Amino acid sequence: MSRWTVILAGGVGSRFWPLSTPERPKQLLPLATEKPLLQDAVERLRPMVDAEHMLILTNADLVVPIRELLPELPRENIIAEPKPAGTAAALAWAARVIQRRDGDDATMLSVHADWAIADDVQFREELERGEKHAQKTHTLVTVGIVPTRADPGFGYIQPSDPNRPISPVKRFVEKPDQERAEKLRAEGYLWNSGIFIWTVGDFLAQAKQHAVELRNALSLEEEADASEFFAAVPSPISVDNAVLERSRNVAVVRGDFGWDDIGTWSALGRVRDKDEFGNVTTGDVHMLDCTDNVVHVDGGRVVMYGVEKLVVVVHDGLTLVTTCDKATDLKRLVESLPGSERTR
């Protein structure tokens, strides 16, 4: 058996402005630990896969910073996507790369670069469980996360049998409203994590059968390069929409290993150590009578008194103050700013 991992490391991460910029996006920031999220992801997977069998797909502008962060990875394993084309195209191209190097039977474990995982050992055990199932049954496998809250920010997966560790997928549900999220959680639905496991031959066969949006790209000669492949994809589409939701050959592993997508500043309250009053701080911060705040200070000192559920970020001479609730919508704020302030 040959095992590969594919780490998706594109995107800007505007919800972590002003710390995140196009040149230094979320996945290159030390948000969950003292190391960048991408480095955490690589180290989490290293007990399963060596550097030769890791592919990282990212924006062209991030290839050099990622090479500097991860010098142990072969240069050819850090792949620039010529244009944003969605996860369906990215994973299909990664599968073709692996197929060329290792054949149809190689397994492919796909994750994102910008998550936090509380229990790395359990995480790897669930990946191995899914891998064995994918090899034995030739199904496409995803990992569904046992929800810790009713969150409308995620898609949901209904397993055929919520009590089994792995079962066929009954259906996928797009991001619901709050009321429906609460109902889905109560009924045993799982969060759609975006973790995928399959053999490259099985995935490419399913993609050719179902993903009409990739038909031209997948019809190219085997020698076609990334530029030709991505140019043949007319518009971005996710692998969920293009393949998984259309296939009847998908299973879900029940995952419970402290997964968090760290989608906003307020999410740091779930993944970083807190003080006795629920505050998460980085840098020089003094607080009195404060609860449930998230504070990040790169320079200077911040003093807070008698406030709760605020996000305060000081970076490069700029200070952001918002509420934990409003931190989910920073993209709207960033788009309202002059261009010079968006990327400072």
Side-chain angles (χ1 to χ4, degrees), residues 1-8 40-41 44-49 53-54 87-88 91 94-95 98 105-149 151 154-175 184-203 205-207 210 238-261:
M1 182 196 73
S2 182
R3 174 190 290 158
W4 291 72
T5 62
V6 174
I7 301 176
L8 301 180
D40 281 343
R44 185 178 298 122
L45 290 163
R46 283 302 297 272
M48 300 182 71
V49 184
H53 290 79
M54 284 189 176
T87 55
L91 295 178
I98 295 169
D105 293 334
T107 56
M108 171 174 157
L109 317 178
S110 173
V111 303
H112 287 256
D114 55 357
W115 297 331
I117 303 291
D119 189 338
D120 289 353
V121 173
Q122 185 67 28
F123 169 73
R124 290 189 290 268
E125 289 178 357
E126 299 297 356
L127 290 185
E128 289 177 347
R129 186 199 305 275
E131 181 183 51
K132 290 176 182 176
H133 188 83
Q135 292 171 325
K136 181 179 179 180
T137 63
H138 297 283
T139 56
L140 308 183
V141 176
T142 185
V143 177
I145 305 300
V146 178
T148 57
R149 60 191 181 278
D151 195 322
F154 300 131
Y156 285 73
I157 300 172
Q158 183 182 22
S160 296
D161 186 347
N163 297 313
R164 291 174 56 192
I166 183 167
S167 67
V169 169
K170 192 168 184 180
R171 66 171 175 151
F172 292 87
V173 178
E174 297 295 331
K175 295 178 182 179
L184 294 177
R185 183 190 179 201
E187 292 176 355
Y189 284 64
L190 305 169
W191 284 338
N192 188 347
S193 69
I195 301 172
F196 306 118
I197 310 158
W198 44 57
T199 70
V200 294
D202 290 333
F203 173 64
Q206 290 283 304
H210 298 293
S238 72
V239 70
D240 305 72
N241 294 147
V243 182
L244 301 182
E245 293 176 7
R246 299 170 181 173
S247 173
R248 302 180 67 180
N249 197 31
V250 184
V252 59
V253 173
R254 181 182 173 89
D256 192 4
F257 38 75
W259 173 91
D260 199 295
D261 76 333

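Residue numbers run from 1 in the order of the sequence given. The model shown is predicted, which means the values in this text are computed figures rather than measured ones.
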Polar side-chain atom of S2 near backbone of A106 as donor-acceptor pair, under 3.5 Å: no
Point-to-point distance, once rounded to the nearest 0.5 Å, from CG of D240 to CD1 of I157: 7.5 Å
Between the side chains of E126 and Q122, is a donor N or O closer than 3.5 angstrom to an acceptor N or O? yes
What I'd like to find out is whether the side chain of V111 reaches to under 4.5 Å of the side chain of T5, using heavy atoms alone. no
Return the orientation label for the W115 and H112 ring planes: parallel under 30°, perpendicular over 60°, tilted otherwise. tilted
Does R44 have any side-chain hydrogen bond (donor to acceptor under 3.5 Å, both in side chains) partners at least two apart in sequence or in another chain, and if so, which? D120
Given F154, which partner from the list Y189, F172, W259 fulfils the ring-ring contact (aromatic ring centres under 6.0 Å, His included) test? W259
Any side chain to side chain donor-acceptor pair (under 3.5 Å) involving residues 140-149? Give me the pairs, sequence neighbours left out, ordered by first then second residue. R149-D151
H53: which residues meet the ring-ring contact (aromatic ring centres under 6.0 Å, His included) condition with it, sequence neighbours left out? W4
With rounding to the nearest 0.5 Å, note down the distance linking CG in L140 to OG1 in T199. 8.0 Å
So W191 and Y156, would you call those rings parallel, tilted or perpendicular, with 30° and 60° as cut-offs? perpendicular
Does K170 have any side chain to side chain contact (heavy atoms under 4.5 Å, CB included) partners at least two apart in sequence or in another chain, and if so, which? Q158, S160
Paired with L127, the side-chain contact (heavy atoms from CB on, under 4.5 Å) test is passed by just one of I197, V49, V141, namely I197
Compare every heavy atom of L91 with every heavy atom of M108, then report the nearest pair and how far apart it is. CE-O, 3.5 Å
Could you check if a side-chain atom of R246 sits within less than 4.5 angstrom of a side-chain atom of Q206, using non-hydrogen atoms only? no
Looking only at heavy atoms, what is the nearest atom pair of P165 and R129, with distance? CB-NH1, 3.7 Å
L190 vs I145 side-chain heavy atoms within contact, under 4.5 Å: no
For V243, does its backbone N or O pair with a side-chain atom of S247 as donor and acceptor, under 3.5 Å? no
Taking only residues two or more places apart in sequence or in another chain, which ones pass side-chain hydrogen bond (donor to acceptor under 3.5 Å, both in side chains) with S238? N241
Taken to the nearest 0.5 Å, the spacing of R3 CZ from Q135 CD works out to 8.0 Å
Evaluate the criterion side chain to side chain contact (heavy atoms under 4.5 Å, CB included) for residue pair E245 and H210; output intermediate values, then yes/no. CA-CA 9 Å; E245 293 176 7; H210 298 293; over 6 Å; no
R124 side-chain N/O to M48 backbone N/O, donor-acceptor pair under 3.5 Å: no
S110 (side chain) donor-acceptor with F196 (main chain) under 3.5 angstrom: no
Which atom pairs, donor and acceptor, lie under 3.5 Å between side-chain atoms of residues 248-258 and protein residues at least two apart or in another chain?
{"from": "N249", "atom 1": "ND2", "to": "H138", "atom 2": "O", "distance (Å)": "2.9"}
{"from": "R254", "atom 1": "NH1", "to": "P162", "atom 2": "O", "distance (Å)": "3.1"}

Euclidean distance, L244 CG relative to T87 OG1, rounded to 0.5 Å: 8.5 Å
